[in-house]
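Order of the sequence lines sets the chain letters (A, B, ...), proteins ahead of strands, with each chain counted from 1.
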Amino acid sequence: MRIDSEQDAILKGDRGEVISRALRTLVDYGTVFNAKRLVPIKSAHLAGSFGTISYGAYFHVLDQILKEGVRVKVPTTINPRPGHDISLLNRIAFIKQNALDYKLKALGVIPNYSCACYEQDNIPAAGDYLAWAESSAVVFSNSVLGARTNRNSVLIDLCSAITGYTPEFGYLLDENRSGNVAVKIKINQMDATALGFIIGQKIVNKVPVIEHFDFSRSDLKNMGAAMAAAGSIGLFHVEGITPEASDIHTAFAGSEPESTITITQSDLNSLRTKHLDNSRLVVFGCPHLTCKEASDIAAHITGKRLTKNIWLCMMPQAKSDFEKTDYYKTLDASHVSVYCHCPLAALTVQLRRKQVLTSSGKLYYYLEGTEYGTMEDCLKACET
Amino acid sequence: MITSELQGRALVAGYGSGPALVSKTAINFAAAFGRPQNAIPGRRAVINDRHHELFKQNIKGAVLLFPACIGSTFTGMVLLQIMYKKEAPLAMVVQHADPLLIAGSVLAKVWFNCGIPVVEYSREDLYALVRTGDIISVNGVNGKITIQTVR
């Protein structure tokens, strides 16, 4: 890797031990992937937002950084809090949350506390180099916004945030952004989340190009999040929809696809639970809901006789906006809770058998005892 | 006993030798190690991901061979944590190394001097040549993988 004189001085310790180590981390990390240089980034997004005792090494690094008074060098946002205050058990499991919040503040992190940072607070432009963690945000910024970030780990994100650099490899380079696998769809009732989940399972470490379908922005967000959880996709294209796929030729950069897969209605249906009655809690908002997404859900459940508990997990600013709407005022508060935390973290630590139904492919993948339903299934289940 | 040697691509330096633990399924380390029960000393490296073939197995002290890692960007942090707590595998051989897997070992090396070696070996014959329980040595400097087959 080529190191310029400024970077060389940092590595030698001119700006302190911690910055030197952070840059060393990025150099070693990039070298494995044959990065030729470090490039400046426009922003960072951190995923390490859960204050649990399980992540001692993470806290140890944070403390070392803060001891030298180092702050983030680029605008940096942070993932949601873990629902540390919703029950006694959660308070114990996330006992270090207040300490973590304090550390993040001292680092100069923007306290957006949302995985959907790209909707507000950290909105990249096409072509921007970023160093983001949070798999759902990475896949959204690459695929839907045309920005460029690798799937960076927690702590790699922080090393980039405090140095302002990321190694140039992977999705930062043109040659890795064109599609390799063609995805044909034989679907009469689209469920973008289930489609994303199945693509994620079938295609690991490739860039899928999905044949044209008129997906909404919410569809793309939920589909990408499912791909990134069930697999490791960091970039996808949809013919005629996403910015680097104006047509199929462009999406594949003039080459032929390495392979073609077909996803059918029965593939999608296989994910759906047949027992909508099993659940006690229906969760929406993984990734976090916008005000519009929450309003759309509220429009369906308001005025209905609800039989289950319902969580709407939202971006903090979107929650404030939502609370001003008529939808919010008519929701049955005895059944519906509106939160800003990460539903996955909040529910993971709960001990009772999890009877959760969700329309989120990501939550379904990670949370044991969860069943998946389409948005329609989940809305129906609320009153079943 | 048969000894054979494979040439892989050295990614993270170091040397590890021990019983092989082979998985043909990509691993989601964040799902595997992100459960409350993974906070218990001695149980930190138990794969608690119900979607995975190594469900309930402890990968501490093994040489882990697997195709790829998938899922959350917590991956590097949970791998770092098991290395930091000395409950990690001895080495890893992966068919396709991705940034999240490498992050764990690089972070452990740079910040705590405890990163485990990683070698990439992409060919499919890996699964014909190595079975769980074989004694395997991984050299993260020159990329050599030595297998002692005990069948």
Side-chain angles (χ1 to χ4, degrees), chain A residues 21-22 24-33 47-48 50 52-58 60-61 64 79 89 93 132-138 150-157 159 167 169-170 200-201 204-205 228-234 344-345 348-351 362 365-369, chain B residues 9-13 25-40 44 48-51 55 67-85 94-112 114-115 118 120 140:
Chain A
R21 274 202 194 182
R24 168 57 55 200
T25 306
L26 298 176
V27 169
D28 288 1
Y29 167 64
T31 302
V32 170
F33 299 99
F50 304 158
T52 90
I53 52 162
S54 303
Y55 306 137
Y58 176 55
H60 197 112
V61 174
Q64 286 184 52
N79 255 8
L89 192 63
W132 284 17
E134 172 48 43
S135 62
S136 65
V138 166
N150 283 316
R151 283 161 46 85
N152 295 291
S153 173
V154 173
L155 278 176
I156 296 289
D157 55 6
C159 290
F169 70 93
Q201 284 182 320
V204 175
N205 302 315
S232 66
I233 288 171
L344 170 58
T348 295
V349 300
Q350 307 218 337
L351 296 176
K362 178 168 183 165
Y365 185 92
Y366 282 104
L367 187 67
E368 217 167 332
Chain B
R9 192 163 79 93
L11 300 183
V12 181
T25 321
I27 303 178
N28 187 325
F29 288 101
F33 304 148
R35 314 280 167 199
Q37 57 268 39
N38 289 102
I40 301 166
R44 290 192 171 92
N48 283 311
D49 177 0
R50 71 190 194 281
H51 302 282
F55 186 43
C69 93
I70 56 171
S72 162
T73 50
F74 269 42
T75 299
M77 183 173 68
V78 297
L79 287 171
L80 165 65
Q81 183 67 17
I82 62 168
M83 294 176 208
Y84 174 75
K85 289 288 186 182
V94 65
Q95 286 188 293
H96 182 97
D98 81 320
L100 293 171
L101 177 78
I102 296 304
S105 226
V106 166
L107 286 163
K109 215 173 221 3
V110 174
W111 294 86
F112 302 102
C114 63
V118 183
E120 187 177 58

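- In plain terms, the two heavy atoms of Ser232(A) and Cys69(B) that are nearest each other are CB-O, 3.8 Å.
- For chain B, the option among Thr31(A), Val61(A), Leu344(A) with the highest count of heavy-atom pairs below 4.5 Å is Val61(A).
- Looking at heavy atoms from C-beta onward, Leu155(A) lies in side-chain contact with Leu80(B) at the 4.5 angstrom threshold.
- Interface remark: of the candidates Gly200(A), Ser54(A), Ala230(A), Ser54(A) forms the most heavy-atom pairs closer than 4.5 Å to chain B.
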Distance-only check: which donor-acceptor pairs under 3.5 Å involve side-chain atoms of residues 28-35 of chain B, not counting sequence neighbours?
{"from": "Asn28(B)", "atom 1": "OD1", "to": "Ala30(B)", "atom 2": "N", "distance (Å)": "3.3"}
{"from": "Asn28(B)", "atom 1": "OD1", "to": "Ala31(B)", "atom 2": "N", "distance (Å)": "3.0"}
{"from": "Asn28(B)", "atom 1": "ND2", "to": "Ala229(A)", "atom 2": "O", "distance (Å)": "3.4"}
{"from": "Asn28(B)", "atom 1": "ND2", "to": "Tyr366(A)", "atom 2": "OH", "distance (Å)": "3.1"}
{"from": "Arg35(B)", "atom 1": "NE", "to": "Ala31(B)", "atom 2": "O", "distance (Å)": "3.3"}
{"from": "Arg35(B)", "atom 1": "NE", "to": "Asn48(B)", "atom 2": "O", "distance (Å)": "2.9"}
{"from": "Arg35(B)", "atom 1": "NH1", "to": "Tyr366(A)", "atom 2": "O", "distance (Å)": "2.7"}
{"from": "Arg35(B)", "atom 1": "NH2", "to": "Tyr366(A)", "atom 2": "O", "distance (Å)": "3.0"}
{"from": "Arg35(B)", "atom 1": "NH2", "to": "Ala31(B)", "atom 2": "O", "distance (Å)": "3.4"}

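- Residue Ile53(A) qualifies as open at atom CD1: its count of foreign heavy atoms under 6.0 Å is 12 or below.
- Side-chain atoms of Trp111(B) and Thr25(A), non-hydrogen and from C-beta on, do get closer than 4.5 Å to each other.
- When Glu368(A), Arg24(A), Glu134(A) are compared by the number of non-hydrogen pairs under 4.5 Å with chain B, Glu368(A) comes out ahead.
- Tyr84(B) and Gly56(A) get closest at one heavy-atom pair: CE2-C, 3.9 Å.
- With a 4.5 angstrom heavy-atom cutoff, Leu367(A) touches chain B only via backbone atoms.
- Minimum interatomic distance between Tyr365(A) and Arg50(B) (heavy atoms only, all atoms of both residues): O-NH1, 3.7 Å.
- When Ser153(A), Cys159(A), Ala57(A) are compared by the number of non-hydrogen pairs under 4.5 Å with chain B, Ala57(A) comes out ahead.
- Distance check: Gln81(B) CD to Thr52(A) OG1 gives 8.0 Å after rounding to the nearest 0.5 Å.
- Ranked by heavy-atom pairs shorter than 4.5 Å toward chain A, the options Leu101(B), Asn38(B), Asp98(B) are led by Asp98(B).
- When heavy atoms are compared at a cutoff of 4.5 Å, Val32(A) approaches chain B by way of both its backbone and its side chain.
- For a residue to count as touching a neighbouring chain, one of its non-hydrogen atoms must lie under 4.5 Å from one of that chain's; by this rule Ala345(A) does not touch chain B.
- Here CD1 of Ile102(B) is found 11.0 Å from CG of Asp28(A). Values are rounded to the nearest 0.5 Å.
- Ring geometry for Phe112(B) versus His60(A): interplanar angle over 60°, hence perpendicular rather than tilted (30 to 60°).
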- Let me see the working for Thr73(B) and Asp157(A) under side-chain contact (heavy atoms from CB on, under 4.5 Å), right down to the final yes or no. CA-CA 10 Å; Thr73(B) 50; Asp157(A) 55 6; over 6 Å; no
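- Residue Thr348(A) comes nearest to Pro36(B) through the heavy atom pair O-CG, 3.7 Å, listed as atom of the first residue, atom of the second, then distance.
- Here the shortest heavy-atom pairing between Leu107(B) and Val154(A) reads CD1-O, 3.8 Å.
- Counting heavy-atom pairs closer than 4.5 Å to chain A, the top residue among Ala97(B), Ala68(B), Ser72(B) is Ser72(B).
- Contact annotation for Ala228(A): only backbone heavy atoms (N, CA, C, O) come within less than 4.5 Å of a heavy atom of chain B.
- Between Ile70(B) and Arg151(A), the shortest heavy-atom contact is C-NH2, 4.2 Å.
- At a 4.5 Å heavy-atom cutoff, the contact between Val78(B) and chain A is made by side-chain atoms alone.
- If you measure heavy-atom distances from Arg9(B) to chain A, the contacts under 4.5 Å come from the side chain alone.
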